[in-house]
Every structure is written in structure tokens, then in C-alpha cells.
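These notes are about the structure you will find just below.
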Amino acid sequence: MADYAHPEVLVSTDWVLEHRGDPNVRVVEVDEDVLLYDQGHVPGAVKLDWHTELQRSDIRDFVDAQAFSELMVSKGIGNDTTVVLYGDKSNWWAAYALWFLRYNGHDDLRLMNGGRQKWVAEGKPLSQDPPDTPTTSYTVPYRDESIRAYATDVLKHVISVKEGTGSLVDVRSPAEFSGEKLHMPEYPQEGALRGGHIPGAQSIPWAQAVNEDGTFKSADDLLTLYGSKGVTGDKDIVAYCRIAERSSHTWFVLKYLLGYPRVRNYDGSWTEWGNMVGRPIEQGA
């Protein structure tokens, strides 16, 4: 039986409970439903709001290095802090935040396996108390462009997919992949003028990588899941969804759990590609 390539990036709910008082560990909750944190969170956890804190609304791009440093200080995170992220929906936005912190050069990052749903299901304590915020300093050491894909990169990547040296993973629902829907079922159908997928993409919905309790499937199951669609570690891989949160989850699986060396997340994803002039699409399963 294969092991995860980097098992240290996953911590259990028990580990978080045991280390919640560790001064060098900062637990961060990142939810799709940003109201959940106030209803009760892991004691000592700080809230990160993906709606308002990670991106600049004026240019639809990430906050700059200075603003990111200020954000980390406001959360009580220093350059040497072990950051443990968790959230709802099997950690999809927590995985996005982990990708974003990794992009900004933070090294010591973990996901709490199973996320909020597993913590609650196990009856572990929740708190409504605001966390203490230690005084820290933070400097962004570099930005890791090797894990981020831009639209121009993806257009070139379509060629490598045709040549067999690259893989393109569409992690959205089958209805989004086919073009029937523009967003997940039960969500407002908005955000793109065209439905469909990027040419050559393989449909591997993100949630196929997790069990019912929100924990990740075994390494063997993951190797089979992605390998059956030709997504293997010898290829350059780009993952995308609608706004990059679900594809961040798949990026985490491929890069850390399977250890594939060249995996990028296309954060523009379908809201960019489906609206751009001159970008090819395909429709149908």
C-alpha cells in the first residue's frame, strides 16, 4: 500500500486538539460560509475571510506582498509559525488559503484532515471566544509563481496536453464540464458567458478525492483516480474550476499527497476563460 508523499502536511483533529495551546501553532478557519466561525470554532482558531482578505477588489488580483504581510501579522502569524488550516466543505476553501499562503512563500503549512465537519462529528469542543493574537512580524520571502497558472500559460498548456506531455484537470461537476451549467448545481448560474471546458481537459470532480467524513482517500485510491485519466507525476499538470477554490483542493492532493512535482492552479479558472475573447472551449462529456 502506497503512503502519502508528504504525510506531514496533514494533521488529525486529535493533533489539533493537543497542540491548540502551542505558541508556535496558529489554527486558521476558512469557510465558504463565512458565518460559521462566529457560531463556534476550534478554540483559539482565527478566522480568515476569503471574501475580503485575500484579494484586491479593484483589479481582481491578490493583495500585494505588503498587504499580505500585514494580514499575517493581524492573524498572529509569523514567518516561522506552523499554520494549520481547516474549514467547511471538506476543506475546499482551506485548501485555497493553503495554496495562497504557499504562493506567498510560507513554508510550514498543514491541513486538518476532515476539516470542520469531522471536528464537529467527533464532538470536539467549539468556542465563540475571540482568540488571543500574539505580536509577530512578517516578511514575504518570495512569491512562488511555479504553482500558479495564468490564462496565457493555459493556452500554451493546451498544446502540451495534445502532445501528451501535459495534463489538464477540470475539477468541476460533470454538468459544468459539459456546458450544461455555469456553476455547481443549486447555485446561481452566473459568472461566465459560455459553458463547457478547456480543450483536452479531463473531468475529475474534486470531491472524488475525499471520503464521506471529509478526510482524504488513501494514496492508492488517489493514484487510481487520477491515473485512470492519464494524470500522472511525469506530466506538467494544471488544475482549474470556476474560481480556483475546488482546484486548490485538487492541487493539494496532487502536489502533496501524491508528490507530483509540477502542478499549477489556474486561479482565473472558468470565470476568466469562459469570458475571454479568443479562448477555445469544448462542450459535452
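What you are looking at is a predicted structure, and each value in this text was computed from that prediction instead of being measured. If you read the sequence from its start, that first residue is 1, and numbering goes on from there.
Between Arg246 and Glu176, at least one side-chain nitrogen of the basic residue sits less than 4.0 Å from a carboxylate oxygen of the acidic one, meeting the salt-bridge criterion. Between Arg102 and Asp107, at least one side-chain nitrogen of the basic residue sits less than 4.0 Å from a carboxylate oxygen of the acidic one, meeting the salt-bridge criterion. A salt bridge does not link Asp88 to Arg116: none of the charged nitrogens lies less than 4.0 Å from a carboxylate oxygen. Ion pairing between Glu32 and Lys89 holds under the 4.0 Å rule for side-chain N and carboxylate O. Residues Lys75 and Glu70 are not paired through a salt bridge, judged by the lack of any N-O separation under 4.0 Å between the basic side chain and the carboxylate. Comment: Arg148 engages Asp61 in a salt bridge, judged by a side-chain N to carboxylate O separation of less than 4.0 angstrom.
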Quiz prompt | side chain to side chain donor-acceptor pair (under 3.5 Å) assessment of Asp220 paired with Ser218 | solution = CA-CA 5 Å; Asp220 286 331; Ser218 69; 5.2 Å; no
Exercise. Could you please spell out the steps behind the side-chain contact (heavy atoms from CB on, under 4.5 Å) verdict for Val46 and Thr133?
Key: CA-CA 9 Å; Val46 64; Thr133 303; 5.7 Å; no
Quiz item: Run the side-chain contact (heavy atoms from CB on, under 4.5 Å) check on Val140 and Tyr138 step by step: do they pass?
Solution: CA-CA 7 Å; Val140 174; Tyr138 201 96; 4.3 Å; yes
Quiz prompt | Working for side-chain contact (heavy atoms from CB on, under 4.5 Å), residues Val27 and Glu29 | solution = CA-CA 7 Å; Val27 181; Glu29 179 166 339; over 6 Å; no
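Judged purely by atom type and a 3.5 angstrom limit, Ser247 uses its side chain to pair as donor or acceptor with the backbone of Ala244. Looking only at distances, no side-chain donor or acceptor of Thr215 sits under 3.5 Å from a matching main-chain atom of Asn211. Side chain of Asp153 to backbone of Tyr150: a donor-acceptor contact under 3.5 angstrom is found. For the pair Arg20 (side chain) and Val25 (backbone), a donor-acceptor distance under 3.5 Å is absent. The main-chain N or O of Asp129 is found under 3.5 Å from a side-chain atom of Ser127 such that the two form a donor-acceptor pair. With Asn91 contributing its side chain and Ala94 its backbone, the two residues share no donor-acceptor pair below 3.5 Å. Looking only at distances, a side-chain donor or acceptor of Gln117 sits under 3.5 Å from a matching main-chain atom of Ser90.
Atoms CE and OG1, on Met72 and Thr139 in that order, are 13.0 Å from each other to the nearest 0.5 Å. The NZ atom of Lys229 lies 10.0 Å from the CG atom of Asp170; values are rounded to the nearest 0.5 Å. To the nearest 0.5 angstrom, Asp144 atom CG is 10.0 Å from Trp99 atom CH2. Expressed to the nearest 0.5 Å, how far CZ of Arg264 lies from NZ of Lys255 amounts to 11.5 Å. Here Leu111 contributes atom CG and Leu109 contributes atom CG; the two are 8.5 Å apart, rounded to the nearest 0.5 Å. Taking CG of Leu48 as the reference point, atom CG of Leu54 lies at 5.0 Å (rounded to 0.5 Å).
Between Ile198 and Tyr240, the shortest heavy-atom contact is N-OH, 3.0 Å. Gly200 and Val161 make their closest contact through O-CG1, 3.6 Å (heavy atoms, listed as atom of the first residue, atom of the second, distance). Between Ala2 and Leu223 the shortest heavy-atom distance is CB-CD1, 4.1 Å. Of all the heavy atoms in Ile77 and Thr136, the pair that sits closest is O-OG1, 3.1 Å. The nearest pair of heavy atoms linking Asn275 to Thr271 is ND2-O, 2.7 Å. Considering every non-hydrogen atom in both Val210 and Gly214, the closest pair reads CG1-O, 4.0 Å.
Here the side chains of Pro43 and Leu17 are not in contact, with every heavy-atom distance at 4.5 Å or above. Here the side chains of Thr13 and Lys118 are in contact, with some heavy-atom distance below 4.5 Å. The closest side-chain heavy-atom distance from Gln55 to Trp50 is not below 4.5 Å. Under the 4.5 Å side-chain criterion, counting only non-hydrogen atoms from C-beta, Pro199 is in contact with Pro280. Using a 4.5 Å heavy-atom threshold, the side chains of Ile204 and Val171 count as separate. With a 4.5 Å cut-off on side-chain heavy atoms, Leu36 and Asp33 count as touching. You'll find the side chain of Asp236 reaches within 4.5 Å of the side chain of His157, heavy atoms only. You'll find the side chain of Asp80 stays beyond 4.5 Å of the side chain of Asp108, heavy atoms only.
Under the rule for a ring-ring contact (aromatic ring centres under 6.0 Å, His included), Tyr266 has no partner lying at least two apart in sequence or in another chain. Applying the ring-ring contact (aromatic ring centres under 6.0 Å, His included) criterion to Tyr37, with sequence neighbours excluded, gives His41. Phe177 is linked by a ring-ring contact (aromatic ring centres under 6.0 Å, His included) to His197, counting only residues two or more places apart in sequence or in another chain.
Shown here is Lys162, whose NZ atom has no more than 12 heavy atoms of other residues, nucleotides or ligands within 6.0 Å. Atom CG of Asp14 has more than 12 heavy atoms from other residues, nucleotides or ligands within 6.0 Å. Within a 6.0 Å radius of CD in Glu8, more than 12 heavy atoms belonging to other residues, nucleotides or ligands are found. In this structure, Lys156 places its NZ atom where only 12 or fewer heavy-atom neighbours from other residues, nucleotides or ligands lie under 6.0 Å away.
Between Trp92 and His249, the gap from one ring centroid to the other reaches at least 6.0 Å. Taking the six-membered ring for Trp, Phe68 and His106 have ring centres at least 6.0 Å apart.
In this structure, a donor-acceptor pair under 3.5 Å is present between the side chains of Glu145 and Tyr103. With hydrogens and angles left out, the side-chain atoms of Ser248 and Asn265 include a donor and acceptor closer than 3.5 Å. Looking only at atom types and distance, the side chain of Ser12 has no donor-acceptor partner in the side chain of Asn113 under 3.5 Å away.
Leu98 and Leu71 end up in the same hydrophobic cluster when Ile, Leu, Val, Met, Phe, Trp and Tyr side chains are linked at under 4.5 Å. Linking ILVMFWY residues whenever their side-chain heavy atoms come closer than 4.5 Å, directly or via other members, places Val169 and Leu257 in the same cluster. There is no path of hydrophobic side-chain contacts, each under 4.5 Å, that joins Val30 to Tyr86. Both Tyr260 and Leu225 are members of a single hydrophobic cluster when ILVMFWY side chains are connected at heavy-atom separations under 4.5 Å. Trp15 and Leu85 end up in different hydrophobic clusters when Ile, Leu, Val, Met, Phe, Trp and Tyr side chains are linked at under 4.5 Å.
Figure legend: cation-pi geometry between Arg242 and Trp270 absent, as NZ or CZ is not positioned both under 6.0 Å from the six-membered ring centre and within 45° of its axis.
Under the ring-ring contact (aromatic ring centres under 6.0 Å, His included) test applied with Tyr256, the options Tyr4, Trp251, Phe216 reduce to a single match, Trp251.
Classified by interplanar angle (parallel below 30°, tilted 30° to 60°, perpendicular above 60°), the ring pair Tyr96/Trp93 is perpendicular.
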